[in-house]
Q: 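Handing you this structure, nothing more for now.
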Amino acid sequence: MNRKRPVAADEEPTGPPSAASIAAYVTRAEGLVAGAEDLGALDAAEAELLGRRAAPNVWKRALGGLAESERRELGGALNAARARIETLVATRRGDLEKVARAMVLESDRLDLTEVLPVPGPGHLHLVNRVREELEDVFLGMGYEIAEGSEVETDWYNFTALNMPPDHPARSGQDSFYLDLGDGESVVLRTHTSPVQIHLLERGELPIYAVMPGLVYRRDTPDASHLPVFHQIEGLVVDSGVTFGDLAGTIDTFTKAIFGADVTARLRPGYFPFTEPSAEFDISCTICGGVGCRTCAGVGWIELGGCGMVHPAVLESTGVDPEVWSGFAFGFGIDRVAIMRHGIEDLRTLVENDVRFLTGV
Ligand code: DAH
């Protein structure tokens, strides 16, 4: 052991202390504690200076080998040194904790006096604005706006839409059932399609209607899914309605919402309540159809489903499919909103970040 030099971490003392080595330890400890910039560094310094294998403890064990008077003198000096370093560590810890708390407070601070650039008295949420624009487009085409309720019975949400119990298409819409009535008979609607049934049951034909509203599914939120989201449903029932009318309607409203450069296309699809059914895509609004990350390189983005109303749906509501025919469609309003505004993540819409809310 070298008593002339301060004890370094890799040079643990093995024998008894001297007045000089204790003084050197204190000097070094003062420097280490004062230099600890955060609580982690202070913990490390404390372990090194006061831990089981640190100098004061090693020295304390070695005191027994000294003569009585020397032991008393060095023992006293050692205790005083240890107490001093313990106090320094505690004081420094208090200071660092205060700084850490202040930093947390500062980062969480909500300045209630801050004047945010809210335009006028406030404005509609982006999704509601897009919903109103969609409604306007359809009102302009002679449609009525209808609303259903967010709680439906199994009949309206599934069975009348040609999805009887055990139909495999039900499992694609993991549902929230309510604890009402018979087991699994009342559900938070999984789509806006049940409003079709209410309109058909009203028995006032022809029907030209769109039906916007909230729907619920047991989906985990991610960039393209929300468990609570908005759909808009369309239903036309008249005599002699054709698939061409459906295609023309979809093309008209996509151009009205996204602009004349955007094209719609229909792909064969399957929905129990339409026959034939189609998925409808629009050319990617981000890359203009050449292919990018948002459209996974294909140049098209899926928007919703559509098709000719299945005769079984008309029959389930007492409408004669020999006399009436029609088409239906449904798609997510939130998706339209993010695509039109180049927002990458659906969750942004519901996080209530005031910078986003005021910026769009
Ligand atoms: N209800 C369907 C869904 O949520 C969307 C849909 C597809 C609605 C086809 C329609 C339709 O009216 O004809 O996935």
Side-chain angles (χ1 to χ4, degrees), residues 131 134 138 143-150 152 154-164 167-176 187-201 207-219 224-238 241-251 253-254 264-282 301-314 316-317 319 321 324-336 346:
R131 169 187 169 152
L134 285 163
F138 284 104
Y143 285 56
E144 66 166 310
I145 315 289
E147 259 178 312
S149 76
E150 290 168 24
E152 286 287 6
D154 179 290
W155 165 257
Y156 288 98
N157 196 80
F158 294 122
T159 304
L161 286 161
N162 204 24
M163 271 188 276
H167 192 289
R170 286 188 177 213
S171 60
Q173 301 191 355
D174 261 345
S175 318
F176 292 112
V187 67
L188 287 178
R189 68 178 176 191
T190 60
H191 50 175
T192 41
S193 302
V195 194
Q196 291 187 30
I197 305 300
H198 291 287
L199 286 181
L200 286 164
E201 277 182 349
I207 297 170
Y208 287 80
V210 285
M211 303 140 252
L214 276 173
V215 302
Y216 302 81
R217 293 196 193 165
R218 284 193 323 166
D219 276 340
S224 53
H225 294 89
L226 292 173
V228 182
F229 60 102
H230 299 79
Q231 283 190 337
I232 186 163
E233 189 82 14
L235 177 67
V236 166
V237 179
D238 205 336
V241 178
T242 69
F243 202 90
D245 297 323
L246 167 60
T249 305
I250 286 184
D251 203 47
F253 89 75
T254 48
R265 75 166 181 188
L266 299 177
R267 276 180 296 120
Y270 172 75
F271 297 98
F273 33 92
T274 42
E275 181 58 38
S277 303
E279 318 252 1
F280 69 93
D281 302 334
I282 55 164
I301 291 180
E302 187 182 319
L303 208 60
C306 61
M308 302 306 289
V309 179
H310 197 293
V313 172
L314 297 176
S316 74
T317 55
V319 174
W324 302 97
S325 58
F327 64 75
F329 56 84
F331 56 92
I333 300 178
D334 314 70
R335 261 194 204 169
V336 171
L346 263 184

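None of these values were measured; they are calculated from a predicted model. Note that ligands are numbered from 1 as they come in the structure, with each ligand's atoms numbered from 1 the same way.
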Q: Could you tell me whether the side chain of Arg131 and the main chain of Ile333 form a donor-acceptor pair under 3.5 Å?
A: no
Q: Tell me, please, which residues at least two apart from Phe280 pass ring pair (Phe, Tyr, Trp, His ring centres under 6.0 Å).
A: Phe331
Q: Quick one: does Arg217's side chain have a donor or acceptor within less than 3.5 Å of a partner on Phe229's backbone?
A: no
Q: Determine whether the aromatic ring centres of residues Phe271 and His191 are separated by less than 6.0 angstrom.
A: no
Q: Identify the two heavy atoms, one from Gly234 and one from Gln196, that lie closest to each other, and give their separation to 0.1 Å.
A: O-NE2, 4.4 Å
Q: Let me see the working for Glu302 and Arg267 under salt bridge (Lys or Arg N to Asp or Glu O under 4.0 Å), right down to the final yes or no.
A: CA-CA 10 Å; Glu302 187 182 319; Arg267 276 180 296 120; 3.5 Å; yes
Q: Could you tell me, for ligand 1, which of its N or O atoms are under 3.5 Å from any protein N or O, listing the pairs and their distances rounded to 0.1 Å?
A:
residue	atom	partner	partner atom	Å
ligand 1	1 (N)	His191	ND1	2.9
ligand 1	1 (N)	Ser193	OG	2.9
ligand 1	4 (O)	Arg217	NH2	2.8
ligand 1	4 (O)	Gln231	NE2	2.9
ligand 1	12 (O)	Gln196	NE2	3.2
ligand 1	12 (O)	Glu233	OE2	2.6
ligand 1	12 (O)	Phe329	N	3.3
ligand 1	12 (O)	Phe329	O	3.3
ligand 1	13 (O)	Ala328	O	3.2

